[in-house]
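One structure below.
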Amino acid sequence: MKMILVSGGAGFIGSHLCERLLADGNRVICVDNFVTGRKENVLHLLSDKNFSLVEHDITEPLKVKEKICQIFNLASPASPVDFEKIPLEILAVNSAGTGNMLELAAEKKARFLQASTSEVYGDPLEHPQRETYWGNVNPNGPRSCYDEGKRFSEALAMAYSRARGVDVRIARIFNTYGPRMRPDDGRVVPNFIMQALHGKPLTVYGRGEQTRSFCYVSDMVDGLVQLMESDYSLPVNLGNPCEFTVLRLAEEVIKICGSSSKISFKQLPKDDPTRRKPDISVAKRELGWEPEVQLHEGLQRTIDWFKPVK
Ligand code: NAD
Ligand code: UDP
């Protein structure tokens with residue numbers, strides 16, 4: 001039985017990861033300050049004697065008595081809406097916060113996995129994106145707190161690996177969706193689902209020709225666990241390589257919801273990446289991982305979860 005710490009464990013992906021790690025027979029310490037996560041996401045786990053929830057802001061050092069084998073560092077707001085609202089907190093958690101989790105990993109001799117992002121590629125000039133691509137990031141635009149924060153967190157993890165011998169893993173997560181996203185999160189999937197369920201117009205930014213590749217959360221959690229267990233210590237893209245335009249996503253959501261909603265075109269936010277699609281050959285080769293849940297099925301499951309929230 002391993003003791004595993006998940007920072008950001010009360011968030012969307014983190015709560016699914018905690019659930020999975022417990023189901024695999026581990027003990028889990030979930031650390032979260034609830035800035036974008038919710039206690040409700042892990043309420044059902046609180047009665048499990050192998051689960052504990054610690055309310056803590058990881059930009060402050062964390063003392064843990066127990067021996068820890070693994071740390072998954074998922075703590076960071078991730079919605080472009082938050083990039084505007086709390087940029088300083090995002091920079092702090094990805095720099096000082098990641099540093100504190102790496103210090104803990106060094107102290108405990110624990111393996112450390114950093115949740116990085118496809119945003120390290122910015123508005124990519126290479127398509128699909130491979131891990132070897134260095135990216136096209138605006139260093140001071142409205143998304144820079146997140147993009148540069150995550151790039152810094154990768155640099156920090158690699159520096160702890162080189163200078164302090166910490167065993168690190170880096171997951172470059174591409175757009176992931178599923179149950180437990182906040183209805184008011186601001187990201188495209190919850191926005192469209194809530195709008196369609198309420199019969200309101202779906203707010204497509206720009207002409208909706210920009211693309212994203214959407215990964216269902218159970219696939220992402222499998223990928224994160226497999227990466228943590230692997231011997232591969234360079235960055236790995238985790239995402240579903242099936243690429244869709246945002247307009248197609250809107251049409252798909254309207255169809256599955258059986259909604260009468262129309263589409264309303266709004267201004268495209270500054271620096272919105274034009275295309276995004278992961279090359280997952282490294283994940284396939286090194287982890288034997290590839291996503292199984294395709295968009296239609298994943299949206300159906302997500303919509304079923306959102307429906308009672310209506
Ligand atoms: P989320 O906002 O639901 O989860 C993030 C969690 O981190 C929240 O519970 C939040 O309260 C917590 N947190 C933030 N700052 C903290 C701090 N200072 N101290 C303690 N806890 C803190 O978002 P998510 O979609 O579940 O994302 C999880 C991780 O995956 C993030 O690091 C995100 O950058 C990364 N990621 C997600 C996606 C995606 O599409 N969902 C894509 C790329 C990367
Ligand atoms: N988007 C949209 N309408 C919305 C929210 C987002 O058209 O109500 C678009 C956004 O401009 C982007 C894509 O959907 O091109 C994905 O946005 P999201 O905020 O989910 O994440 P991103 O991939 O931009 O980080």
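We count ligands from 1, going down the list as the structure has it; atoms in each ligand are counted the same way.
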Between E154 and R172, does a salt bridge (charged side-chain N to carboxylate O under 4.0 Å, His left out) hold up when you go through it step by step?
-> CA-CA 10 Å; E154 285 198 12; R172 290 192 179 147; 2.7 Å; yes
Report the C-alpha separation of N138 and S144 in whole Å, then their side-chain angles, then the decisive distance to 0.1 Å, and conclude whether the side-chain hydrogen bond (donor to acceptor under 3.5 Å, both in side chains) test is met.
-> CA-CA 6 Å; N138 178 347; S144 62; 5.9 Å; no
CA sep, side-chain torsions, deciding dist, call: R301, E297, salt bridge (charged side-chain N to carboxylate O under 4.0 Å, His left out) | CA-CA 6 Å; R301 290 188 204 173; E297 188 188 342; 2.3 Å; yes
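Polar contact check, N73 against ligand 1: no nitrogen or oxygen pair lies under 3.5 Å apart. Every N/O-N/O distance between R187 and ligand 2 stays at or above 3.5 Å. Taking any N or O of I58, backbone or side chain, at least one lies under 3.5 Å from an N or O belonging to ligand 1. The distance criterion of under 3.5 Å between nitrogen or oxygen atoms is met by G11 with respect to ligand 1. Any N or O atom pair closer than 3.5 Å counts here, and V31 shares no such pair with ligand 1. Every N/O-N/O distance between V204 and ligand 2 stays at or above 3.5 Å. Considering backbone and side-chain N/O of F12, one or more are found under 3.5 Å from N/O of ligand 1.
By the 4.0 Å heavy-atom criterion, S116 is counted among the residues contacting ligand 1. Contact between Q195 and ligand 2 is absent, with no heavy atom of the residue lying under 4.0 Å from the ligand. At least one heavy atom of P77 sits closer than 4.0 Å to an atom of ligand 1. At a 4.0 Å cut-off, not a single heavy atom of S7 sits close enough to ligand 1 to count as contact.
Contacts with ligand 2 closer than 4.0 Å are made by side-chain heavy atoms of V246 only, the backbone lying farther away. Counting heavy atoms under 4.0 Å from ligand 1, residue N175 touches it through the backbone alone. The proximity of N175 to ligand 2, defined as any non-hydrogen pair under 4.0 Å, is limited to the side chain. The proximity of S118 to ligand 1, defined as any non-hydrogen pair under 4.0 Å, does not occur for either the backbone or the side chain. The part of N191 lying near ligand 2 is the side chain, judged by heavy-atom distances below 4.0 Å.
Closest approach of Y146 to P77, counting heavy atoms only: CE1-O, 3.3 Å. N94 approaches G149 most closely through the heavy-atom pair CB-O, 3.4 Å. Nearest approach of R180 to S15, heavy atoms of both residues: NH1-OG, 3.1 Å. Residues G206 and F265 approach most closely at O-CD2, 3.2 Å, considering heavy atoms. Considering all non-hydrogen atoms of both residues, M158 and L234 come closest at CE-CD2, 4.1 Å.
Hydrophobic clustering (ILVMFWY, side-chain heavy atoms < 4.5 Å, transitive): F174 and L238 are in distinct clusters. Residues V120 and V168 fall into different hydrophobic clusters, defined by Ile, Leu, Val, Met, Phe, Trp and Tyr side chains chained together at heavy-atom separations under 4.5 Å.
Using a 4.0 Å cut-off to heavy atoms of E119, the atoms of ligand 2 that qualify are 25 (O). When each atom of ligand 1 is checked for a heavy atom of F34 under 4.0 Å away, the hits are 11 (O). Distances below 4.0 Å separate heavy atoms of A10 from the following atoms of ligand 1: 9 (O). Residue contact check: G37 has heavy atoms under 4.0 Å from atoms 8 (C), 9 (O), 10 (C), 11 (O) of ligand 1. Near V93, meaning under 4.0 Å from one of its heavy atoms, ligand 1 places the atoms 15 (N), 16 (C), 17 (C), 18 (N). Against a heavy-atom cut-off of under 4.0 Å, T203 is close to the following atoms of ligand 2: 2 (C), 3 (N), 4 (C), 7 (O), 8 (O). Residue contact check: N33 has heavy atoms under 4.0 Å from atoms 11 (O), 13 (N), 14 (C), 15 (N), 16 (C), 17 (C), 18 (N), 19 (N), 20 (C), 21 (N), 22 (C) of ligand 1.
Closest to atom 14 (C) of ligand 1, if we only count protein heavy atoms, is V35 CG1, 3.2 Å. Ranking protein heavy atoms by distance to atom 2 (C) of ligand 2, first place goes to Y205 CD1, 3.3 Å. Looking only at protein heavy atoms, the nearest one to atom 31 (C) of ligand 1 is L74 O, 3.2 Å. For atom 40 (O) of ligand 1, the closest non-hydrogen atom on the protein side is T176 N, 2.8 Å. The single protein non-hydrogen atom nearest to atom 9 (O) of ligand 1 is D32 OD2, 2.6 Å, given as residue, atom name and distance. Remark: minimum distance from atom 27 (O) of ligand 1 to any protein heavy atom is reached at A78 CB, 4.0 Å. Annotation: atom 18 (P) of ligand 2 to nearest protein heavy atom, V188 N, 3.8 Å. Of all protein heavy atoms, the one lying nearest to atom 5 (C) of ligand 1 is S76 O, 3.3 Å. For atom 11 (O) of ligand 2, the closest non-hydrogen atom of the protein is D272 OD2, 2.6 Å.
Counted within 6.0 Å of CD on Q267, heavy atoms from surrounding residues, nucleotides or ligands total 12 or fewer; the atom is thus considered open. At most 12 non-hydrogen atoms from other residues, nucleotides or ligands lie less than 6.0 angstrom from CD of E292. The number of heavy atoms from other shown groups lying within 6.0 Å of CG (D231) does not exceed 12. Applying the 6.0 Å contact sphere to CD of E66 captures more than 12 heavy atoms from other residues, nucleotides or ligands. Within 6.0 Å of CZ in R38 there are more than 12 heavy atoms belonging to other residues, nucleotides or ligands. Within 6.0 Å of the CZ atom in R285, the count of heavy atoms belonging to other residues, nucleotides or ligands exceeds 12. Atom CZ of R276 is surrounded by more than 12 heavy atoms from other residues, nucleotides or ligands within 6.0 Å.
Distances from atom 22 (P) of ligand 2 to the heavy atoms of R143, Q267, K266 put R143 nearest. One option in V42, L17, D57 has a heavy atom closer to atom 18 (N) of ligand 1 than any other, and that option is D57. For the residues R207, R212, M194, Q210, the heavy atom positioned nearest atom 23 (O) of ligand 2 is part of R212. Heavy-atom proximity to atom 25 (O) of ligand 1, evaluated over E89, R187, M220, M181, is greatest for R187. Remark: among candidates F174, Y146, Y177, the nearest residue to atom 44 (C) of ligand 1 is Y146, based on non-hydrogen atoms. Of the candidates H56, E60, R212, it is H56 that places a heavy atom closest to atom 20 (C) of ligand 1.
No salt bridge links D184 with K85; every basic N to acidic carboxylate O contact stays at or beyond 4.0 Å. Under 4.0 Å is where a charged nitrogen must lie from a carboxylate oxygen, and between E148 and R151 at least one such pair does.
No donor-acceptor contact under 3.5 angstrom links the side chains of S261 and Q195, judged on distance only. A side-chain donor from one of N240 and Q294 sits under 3.5 Å from a side-chain acceptor of the other.
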